[in-house]
Amino acid sequence: MKTVSIALLGCGTVGKGVIDLLEMNGSIIEEQLNTHLHIKWVLVRDLEKYREMNLPPSITLTTDFQDIVSDPEVEIVAEVMGSADFAKGCIEQCFTCGKSVVSANKDLIADYGIPLLKLSQENDVDFQFEASVAGGIPIIRSMHSSLNSNAIETIIGIMNGTTNYILSNMTERGLSYEAALAEAQQKGYAEADPTNDVSGYDAARKIAILATLGFHSAITFRDVSVEGIEAVTQDDIVHATEMGYVIKLLAIASHDEDGISLNVHPAFIRKGHPLANVGGAYNAVFVRGNCVGDLMYYGQGAGALPTASAVVSDIMSVVLHYNLSMTGKREYVWHETHIKSPQANKAPYYLRMIVANAPGVLSSISGVFARNNISIRSLIQKDETTEIAEIVVLIDSSADGLVRESLRQIADLSCVHRVASAIRVIEV
Ligand code: NAP
Ligand code: HSE
């Protein structure tokens with residue numbers, strides 16, 4: 001049986017998952033490929049950390065990337081380190097030395113995916129990155145291959161496990177935002193610095209990658225308008241539940257004749273929608289194609305073995321391509337596309353305001369909406385004291401820019417203490 005030598009760049013959660021998966025499923029994989037996959041090198045920064053890890057004796061740990069790139073036996077490199085710049089330099093060197101690369105690194109792909117794909121093709125090698133979006137869910141290959149007979153119209157993802165865990169546990173267990181985030185960190189879902197999770201930037205990178213493939217357009221995460229979940233409160237969760245909704249952090253990409261819109265933000269979604277039932281740290285991606293209709297992919301978006309499942313399937317795909325002499329042969333088409341201004345996006349909104357409990361307040365607020373031609377779906381006065389009341393308003397679908405301007409005018413009213421929340425309602 002032929003042997004293919006592989007190097008791992010990184011031996012953290014995902015790297016160790018790859019080693020364990022190849023131990024567990026080595027015989028299933030060999031049977032399909034008629035090839036033995038041998039991990040020869042593993043690159044880390046701190047050798048001491050890995051002394052007790054009990055790695056298979058055939059693996060050599062190194063801190064020097066040149067050991068790997070200069071080894072002619074290594075045909076495939078799995079980049080599972082994270083960060084963008086160092087990883088990019090390593091991958092470029094691999095390509096120019098004729099080595100194919102698979103990567104789980106969404107930060108890198110969202111910024112440099114297209115130039116790296118071009119460089120891999122110029123060097124007749126593969127570049128694959130199934131694990132970069134939604135961990136174990138096979139969404140990259142679906143977008144790139146299985147759905148490529150469709151015009152993709154909409155992609156809606158719950159693609160950050162940390163924020164889904166936080167929102168699910170605020171809803172189901174009444175936890176505070178801070179307590180739920182602490183649990184997500186303790187369970188290992190959150191990044192070492194959870195800012196990119198809660199601020200929506202992790203989901204923005206993932207939707208940029210999917211939209212690039214689905215819409216055949218050169219998109220980076222800077223094209224995505226991003227709002228995180230930091231401002232969502234327990235009051236919003238309770239009101240959503242009472243109104244028949246749940247709050248989720250959604251990454252939404254849609255494409256029509258006017259261009260592409262790309263947004264990440266918390267949203268009210270009806271309890272009956274399949275995305276509303278995605279709980280805990282699970283991920284899901286809802287896709288609408290013009291022929292296939294609506295699809296939903298669901299599964300574990302993070303964790304050692306689910307993510308390794310995607311990394312190893314990429315490695316297997318590269319081996320098959322080597323066997324067929326077709327690495328680097330897949331053509332990609334990228335169109336220049338107009339990215340719509342987020343101001344023009346339209347959605348119904350849930351709004352929560354803290355106001356004076358006094359005559360004329362409701363008419364002042366509804367007057368602002370009327371002057372801006374925004375129609376009110378419902379307006380409820382909630383908790384009140386002798387001096388202060390909470391108003392919850394649902395407005396019909398309106399352009400984001402107009403809603404923001406109306407809220408500025410409402411905040412200026414002397415009877416309004418503050419506009420506490422403005423969350424879009426998603427109707428798909
Ligand atoms: P991790 O646990 O922090 O492990 C990172 C590994 O890379 C460590 O072994 C680290 O070595 C090594 N490393 C980092 N920078 C290095 C450098 N400059 N030189 C040499 N080695 C370096 O990270 P992870 O959770 O496995 O994530 C790896 C990648 O997969 C990231 O791109 C992440 O976004 C992506 N991903 C992760 C998950 C998940 O569930 N964790 C899911 C999907 C995608 P030292 O320990 O010696 O520093
Ligand atoms: N921090 C990420 C999440 C890990 O919470 O989904 C997977 O990319």
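Start at 1 and go down the list; that is how both ligands and their atoms are numbered. Given the structure is predicted, the values throughout are model-derived calculations rather than measurements.
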K.L.:
Going by the atom numbers of ligand 1, which of them fall below 4.0 Å from some non-hydrogen atom of Ala104?
P.N.:
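Listed by number with element, the hits are 30 (O), 32 (O), 35 (C), 36 (N), 44 (C).
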
K.L.:
For Asp197, take its heavy atoms, then give the atoms of ligand 2 lying under 4.0 Å from any of them.
P.N.:
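Contacts of ligand 2 toward Asp197, numbered from 1: 1 (N), 2 (C), 3 (C), 5 (O).
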
K.L.:
Is it true that Lys2 and Asn323 share a donor-acceptor pair across their side chains at a distance under 3.5 Å?
P.N.:
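Note: Asn323 and Lys2 side chains meet the donor-acceptor criterion.
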
K.L.:
Taking 4.0 angstrom as the limit and counting only heavy atoms of Lys106, give me the atoms of ligand 2 inside it, by number and element.
P.N.:
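Near Lys106, meaning under 4.0 Å from one of its heavy atoms, ligand 2 has 7 (C), 8 (O).
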
K.L.:
With a 4.0 Å cut-off, would you call Glu183 and Lys187 a salt bridge?
P.N.:
no

K.L.:
Considering only protein heavy atoms, which is closest to atom 12 (C) of ligand 1, and at what distance to one decimal place?
P.N.:
Gly10 CA, 3.8 Å

K.L.:
If only side-chain N and O atoms count, and only distance matters, is there a donor-acceptor pair under 3.5 Å linking Trp41 with Asp71?
P.N.:
yes

K.L.:
I want to confirm something. Looking only at heavy atoms, which of Ala281, Gly303, Ala308, Ser132 is nearest to atom 39 (C) of ligand 1?
P.N.:
Gly303

K.L.:
Among protein heavy atoms, which lies nearest atom 1 (P) of ligand 1, and at what distance?
P.N.:
Gly12 CA, 4.0 Å

K.L.:
Any idea which atoms of ligand 1 are less than 4.0 Å away from a heavy-atom of Leu43?
P.N.:
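Once the distances to Leu43 are compared, the set is 20 (C), 21 (N).
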
K.L.:
Is it the case that Ser100 and Tyr322 place a side-chain donor and acceptor less than 3.5 Å from each other?
P.N.:
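Distance-only check passes for Ser100 and Tyr322.
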
K.L.:
Please identify which atoms of ligand 1 are closer than 4.0 Å to at least one heavy atom of Ala131.
P.N.:
43 (C), 44 (C)

K.L.:
Please confirm whether Gly135 approaches ligand 2 to less than 4.0 Å, judged on its heavy atoms.
P.N.:
no

K.L.:
For atom 29 (C) of ligand 1, which of Gly15, Gly82, Ala87 has the closest heavy atom?
P.N.:
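Considering heavy atoms of Gly15, Gly82, Ala87, the nearest to atom 29 (C) of ligand 1 sits in Gly82.
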
K.L.:
Would Thr13 count as being in polar contact with ligand 1, using the rule that some N or O on each side must be under 3.5 angstrom apart?
P.N.:
yes

K.L.:
Under 3.5 Å, is there a donor-acceptor pair linking the side chains of Asn105 and Glu79?
P.N.:
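On atom types as modelled, these side chains qualify, holding a pair under 3.5 Å.
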
K.L.:
For the side chain of Asn169 and the backbone of Tyr165, is there at least one donor-acceptor N/O pair under 3.5 Å apart?
P.N.:
yes

K.L.:
Within this structure, what is the CD-OG distance for the pair Glu230 and Ser199, rounded to the nearest 0.5 Å?
P.N.:
5.5 Å

K.L.:
Which of the atoms of ligand 2 are close to Ala302, meaning less than 4.0 Å from one of its heavy atoms?
P.N.:
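Listed by number with element: 4 (C), 7 (C).
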
K.L.:
Have a look at Arg45, Lys16, Glu130 and point out the one with the heavy atom closest to atom 16 (C) of ligand 1.
P.N.:
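It is Arg45 whose heavy atom sits nearest to atom 16 (C) of ligand 1.
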
K.L.:
Is a donor from one side chain sitting under 3.5 angstrom from an acceptor on the other, for Thr233 and Asp236?
P.N.:
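On atom types as modelled, these side chains qualify, holding a pair under 3.5 Å.
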
K.L.:
Could you check Arg352, Lys382, Arg418 and say which one makes a salt bridge (charged side-chain N to carboxylate O under 4.0 Å, His left out) with Glu390?
P.N.:
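When salt bridge (charged side-chain N to carboxylate O under 4.0 Å, His left out) is applied between Glu390 and each of Arg352, Lys382, Arg418, only Arg352 qualifies.
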
K.L.:
Is any N or O atom of Tyr50, backbone or side chain, closer than 3.5 Å to an N or O atom of ligand 1?
P.N.:
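Min N/O separation from ligand 1 is below 3.5 Å for Tyr50.
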
K.L.:
Any atoms of ligand 2 less than 4.0 Å from a non-hydrogen atom of Gly301? List them with their elements.
P.N.:
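That gives atoms 7 (C) of ligand 2.
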
K.L.:
Tell me, please, whether Tyr245 has Arg270 positioned over its six-membered ring: NZ or CZ under 6.0 Å from the ring centre and within 45 degrees of its axis?
P.N.:
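Yes - Arg270 lies over the ring of Tyr245, closer than 6.0 Å to its centre and within 45° of its axis.
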
K.L.:
Which residue and atom name correspond to the protein heavy atom nearest atom 26 (O) of ligand 1, and how close is it?
P.N.:
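Closest protein heavy atom to atom 26 (O) of ligand 1: Val14 N, 2.9 Å.
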
K.L.:
For atom 13 (N) of ligand 1, which candidate among Lys49, Met81, Glu191, Glu79 holds the nearest heavy atom?
P.N.:
Met81

K.L.:
Which ligand 2 atoms, with their elements, are less than 4.0 angstrom from a heavy-atom of Thr162?
P.N.:
1 (N), 3 (C), 5 (O)

K.L.:
What is the closest protein heavy atom to atom 4 (C) of ligand 2, and at what distance does it sit?
P.N.:
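Scanning the protein heavy atoms, the shortest distance from atom 4 (C) of ligand 2 goes to Glu191 OE2, 3.4 Å.
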
K.L.:
Quick one: look at Asn160 and ligand 2, take heavy-atom pairs under 4.0 Å, and tell me if it's side chain, backbone, both or neither.
P.N.:
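It is both backbone and side chain that touch ligand 2.
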
K.L.:
How about atom 18 (N) of ligand 1: does it have a protein heavy atom within less than 4.0 Å?
P.N.:
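Neighbour list for atom 18 (N) of ligand 1 includes protein heavy atoms (cut-off 4.0 Å).
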
K.L.:
Donor-acceptor pair, distance only, cut-off 3.5 Å: does the side chain of Thr162 make one with the backbone of Tyr189?
P.N.:
yes

K.L.:
Within the 4.0 Å heavy-atom shell around Gly161, which atoms of ligand 2 are there?
P.N.:
3 (C), 5 (O), 6 (O)

K.L.:
For the ring pair Phe286 and His273, is the centre-to-centre distance below 6.0 Å?
P.N.:
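Yes, the ring centres sit under 6.0 Å apart.
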
K.L.:
Is it true that the side chains of Asn164 and Lys248 contain a donor and an acceptor less than 3.5 Å apart?
P.N.:
yes

K.L.:
Can Glu23 and Lys16 be counted as an ion pair, charged N to O under 4.0 angstrom?
P.N.:
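Salt bridge: no.
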
K.L.:
Distance under 4.0 Å to a non-hydrogen atom of Asp46: what atoms of ligand 1 satisfy this?
P.N.:
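Contacts of ligand 1 toward Asp46, numbered from 1: 47 (O).
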
K.L.:
Mind checking whether Phe86 has an N or O less than 3.5 Å away from an N or O of ligand 1?
P.N.:
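No; the residue has no nitrogen or oxygen that sits under 3.5 Å from a nitrogen or oxygen of the ligand.
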
K.L.:
Are any of the N/O atoms in Cys11 less than 3.5 Å from those in ligand 1?
P.N.:
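By distance alone, the answer is yes.
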
K.L.:
Going by heavy atoms in the side chains, are Ile395 and Leu351 under 4.5 Å from each other?
P.N.:
yes

K.L.:
Does either side chain, that of Thr154 or that of Ser254, offer a donor lying less than 3.5 Å from an acceptor on the other one?
P.N.:
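Side chains of Thr154 and Ser254: no pair found under 3.5 Å.
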
K.L.:
Within a distance under 4.0 Å of any heavy atom of Ala302, pick out the atoms of ligand 1 and give their elements.
P.N.:
40 (O)

K.L.:
Do me a favour and list the nearest non-hydrogen protein atom to atom 28 (C) of ligand 1 with residue, atom name and distance?
P.N.:
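Result for atom 28 (C) of ligand 1: Val80 O, 3.3 Å.
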
K.L.:
Looking only at protein heavy atoms, which one is nearest to atom 42 (C) of ligand 1, and what is the separation?
P.N.:
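Closest protein heavy atom to atom 42 (C) of ligand 1: Thr307 OG1, 3.3 Å.
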
K.L.:
Distance under 4.0 Å to a non-hydrogen atom of Lys206: what atoms of ligand 2 satisfy this?
P.N.:
6 (O), 7 (C), 8 (O)

K.L.:
For Tyr332 together with His144, are the ring centres under 6.0 Å from each other?
P.N.:
yes

